[in-house]
Amino acid sequence: MVVNKIKRIGILTGGGDCPGLNPVIRAVTRTAILEYGWEVVGIRNGYKGMYNGDFVELTLDSISGILHEGGTILYSSNKDNLFDYQVEEDGKLVNKDVSDVGVENIRKMGIDVMFIVGGDGTLTSARDFARKGVKVVAIPKTIDNDLASTDTTFGFSTAVDVATEALDRLHTTASSHHRIMVLEVMGRYAGWIALHSGIAGGADVILLPEIPYDIRNVARTIEERKARGKNFSIVVVGEGAKEIGGDITVREIIKDSPDPIRLGGIGIKVASQLEKLCGNETRATILGHLQRGGSPSSSDRILSTRYGVEAVKLAASGKFGNMVTLKGDHMSYDSLENVIGRKSKLVNPNGELVEAAKSMGIGFGDE
Ligand SMILES: Nc1ncnc2c1ncn2[C@@H]1O[C@H](COP(=O)(O)OP(=O)(O)O)[C@@H](O)[C@H]1O
Ligand SMILES: O=P(O)(O)OC[C@H]1O[C@](O)(COP(=O)(O)O)[C@@H](O)[C@@H]1O
Ligand SMILES: [Mg+2]
């Protein structure tokens with residue numbers, strides 16, 4: 001019954017891009033057209049496109065060949081909060097709530113349901129549009145894997161693969177030169193990418209935002225390796241890692257971004273401290289946006305497809321104001337109110353994975 005009321009859906013991607021966005025767009029479009037006979041409209045550049053009316057018709061043809069492509073054919077933005085949007089009025093720049101303009105634009109386009117793909121920021125706006133009466137179905141995305149309502153987000157596995165490959169490559173050059181190699185990876189305040197790639201890439205030390213470290217403990221782990229005849233070491237640092245009693249390292253503040261802090265620089269700091277303490281030549285690599293670009297892994301393609309198909313089914317059954325989730329191996333959903341109300345999902349310092357790593361002799365700098 002609900003199905004018959006939907007004729008046209010819209011889809012937008014917001015926040016930092018990540019591998020898997022194109023497979024989600026493809027899954028939503030194909031399922032909507034093939035299973036339900038709906039029309040699909042893409043909204044370009046995240047919420048900015050909703051404000052400017054930047055819409056594009058999505059057809060089976062136009063989404064063909066994007067499954068393996070990184071990025072998003074709809075583009076993305078981590079600025080442009082329509083509830084607090086910068087506009088020019090009487091020659092002055094002022095911030096205003098222009099969300100009604102966005103709602104009116106999608107109404108004029110005949111969009112019955114909005115599919116919104118994003119992380120905590122994008123989904124905060126999605127919740128606010130749902131509160132205004134827009135029929136919203138949300139799909140979680142972030143390489144950081146820090147959204148609490150779902151077990152795993154797409155993009156994470158690809159980011160971990162990229163970081164793991166970087167560690168494999170750093171290993172050989174570290175060994176040739178008896179160096180300490182420090183790799184800084186993304187993740188904001190969550191250490192998932194650092195922990196997973198560190199284990200997969202055989203790191204000797206993993207520094208996480210969730211486990212503040214003492215650099216002397218890190219140096220001791222490296223010295224113990226040297227005593228066993230290993231004169232090189234690999235350290236993975238999550239960008240949000242900090243010393244015990246210390247602060248996060250901020251790279252820059254992006255003023256017009258609702259989440260203005262950009263982390264970065266901790267890898268260089270750790271490398272220079274270790275060079276002094278251990279005496280080995282030390283180099284730092286900041287992996288940066290290589291983790292976000294490029295083709296999604298096969299598991300991310302599958303996960304994105306599952307999220308996309310499930311989101312369309314959720315809309316067809318009239319369950320609006322929800323985000324699709326993965327719980328164990330089951331697709332489910334949670335209300336956007338709950339999703340946004342929850343704290344970020346962080347690494348448990350006493351969890352099984354950290355304990356397993358410690359059992360393997362990996363140092364975390366805390367002891
Ligand atoms: N607190 C907020 N309230 C409403 N919208 C927000 C908020 N934070 C971010 N947004 C909007 O969500 C989008 C993406 O934000 P960002 O946090 O950078 O990415 P992500 O969705 O990956 O978390 C931007 O359009 C931004 O304006
Ligand atoms: O691309 P930018 O603006 O430099 O932002 C970098 C940040 O975005 C991320 O890559 C992804 O974060 P989001 O999922 O919240 O967009 C973080 O890991 C990183 O700290
Ligand atoms: Mg965010």
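When a ligand or atom number is given, it counts from 1 through the structure's own listing order.
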Item to check | Heavy-atom check, side chain of Val87 versus side chain of Tyr51, under 4.5 Å | outcome: yes
Checklist entry - Do you see a donor-acceptor pair shorter than 3.5 Å between the side chains of Ser125 and Asp128? => result no
Checklist entry - Cut-off 3.5 Å, side chains only: do Ser149 and Tyr333 have a donor facing an acceptor? => result no
Next on the checklist: Checking Ser299 against Ser157: is there a side-chain donor and acceptor pair closer than 3.5 Å?
Outcome noted: yes
Please give the N or O to N or O pairs under 3.5 Å between ligand 1 and the protein, distances rounded to 0.1 Å.
unit_1: ligand 1; atom_1: 5 (N); unit_2: Asn81; atom_2: OD1; d: 3.4
unit_1: ligand 1; atom_1: 5 (N); unit_2: Asn81; atom_2: ND2; d: 3.4
unit_1: ligand 1; atom_1: 5 (N); unit_2: Ser125; atom_2: OG; d: 2.6
unit_1: ligand 1; atom_1: 10 (N); unit_2: Gly121; atom_2: O; d: 3.3
unit_1: ligand 1; atom_1: 12 (O); unit_2: Gly121; atom_2: O; d: 3.2
unit_1: ligand 1; atom_1: 12 (O); unit_2: Thr122; atom_2: N; d: 3.0
unit_1: ligand 1; atom_1: 21 (O); unit_2: Gly119; atom_2: N; d: 2.9
unit_1: ligand 1; atom_1: 21 (O); unit_2: Gly119; atom_2: O; d: 3.4
unit_1: ligand 1; atom_1: 21 (O); unit_2: Thr122; atom_2: N; d: 2.9
unit_1: ligand 1; atom_1: 21 (O); unit_2: Thr122; atom_2: OG1; d: 2.5
unit_1: ligand 1; atom_1: 22 (O); unit_2: Lys141; atom_2: NZ; d: 2.8
unit_1: ligand 1; atom_1: 23 (O); unit_2: Asp120; atom_2: N; d: 3.2
unit_1: ligand 1; atom_1: 23 (O); unit_2: Asp120; atom_2: OD1; d: 2.4
unit_1: ligand 1; atom_1: 23 (O); unit_2: Gly121; atom_2: N; d: 2.9
unit_1: ligand 1; atom_1: 25 (O); unit_2: Lys79; atom_2: O; d: 2.3
unit_1: ligand 1; atom_1: 25 (O); unit_2: Asp80; atom_2: O; d: 3.4
unit_1: ligand 1; atom_1: 27 (O); unit_2: Lys79; atom_2: O; d: 2.6
unit_1: ligand 1; atom_1: 27 (O); unit_2: Asn81; atom_2: N; d: 2.9

Item to check | Arg188 and Asp259 ion-paired at < 4.0 Å | outcome: yes
Checklist entry - Which protein residues have a heavy atom under 4.0 Å from ligand 2? => result Gly16, Asn78, Lys141, Thr142, Ile143, Asp144, Met186, Gly187, Arg188, Glu239, Arg251, Arg262, His289, Arg292
Checklist entry - Is the closest side-chain donor-acceptor distance between Thr325 and Thr150 under 3.5 Å? => result no
Checklist entry - Considering only heavy atoms from C-beta outward, does the side chain of Tyr189 approach that of Asp144 to under 4.5 Å? => result no
Checklist entry - What protein atoms of element N, O or S are positioned under 2.8 Å from the Mg ion (ligand 3)? => result Asp120 OD1
Checklist entry - Under 3.5 Å, is there a donor-acceptor pair linking the side chains of Asp300 and Thr158? => result yes
Donor-acceptor pairs under 3.5 angstrom involving side-chain atoms of residues 205-221: please list them, not counting sequence neighbours.
unit_1: Glu210; atom_1: OE1; unit_2: Gly191; atom_2: N; d: 3.2
unit_1: Glu210; atom_1: OE2; unit_2: Gly191; atom_2: N; d: 2.8
unit_1: Glu210; atom_1: OE2; unit_2: Val347; atom_2: N; d: 3.0
unit_1: Asp214; atom_1: OD1; unit_2: Arg216; atom_2: N; d: 2.9
unit_1: Asp214; atom_1: OD1; unit_2: Arg216; atom_2: NE; d: 3.1
unit_1: Asp214; atom_1: OD2; unit_2: Arg216; atom_2: NE; d: 3.4
unit_1: Asp214; atom_1: OD2; unit_2: Arg216; atom_2: NH2; d: 2.7
unit_1: Asn217; atom_1: OD1; unit_2: Arg220; atom_2: NH1; d: 3.1
unit_1: Asn217; atom_1: ND2; unit_2: Gly365; atom_2: O; d: 3.0
unit_1: Arg220; atom_1: NE; unit_2: Glu224; atom_2: OE2; d: 3.4
unit_1: Arg220; atom_1: NH2; unit_2: Glu367; atom_2: O; d: 3.0
unit_1: Thr221; atom_1: OG1; unit_2: Asn217; atom_2: O; d: 3.2

Checklist entry - Is it true that Glu281 and Arg179 have a side-chain N and a carboxylate O under 4.0 angstrom from each other? => result yes
Item to check | Distance-only donor-acceptor check, side chains Lys132 and Ser99, under 3.5 Å | outcome: yes
Item to check | Test of ring centre spacing under 6.0 Å for Phe83 and Phe129 | outcome: yes
Checklist entry - When you measure from the centre of the six-membered ring of Phe154, is the NZ or CZ of Arg301 under 6.0 Å away and within 45° of the axis? => result no
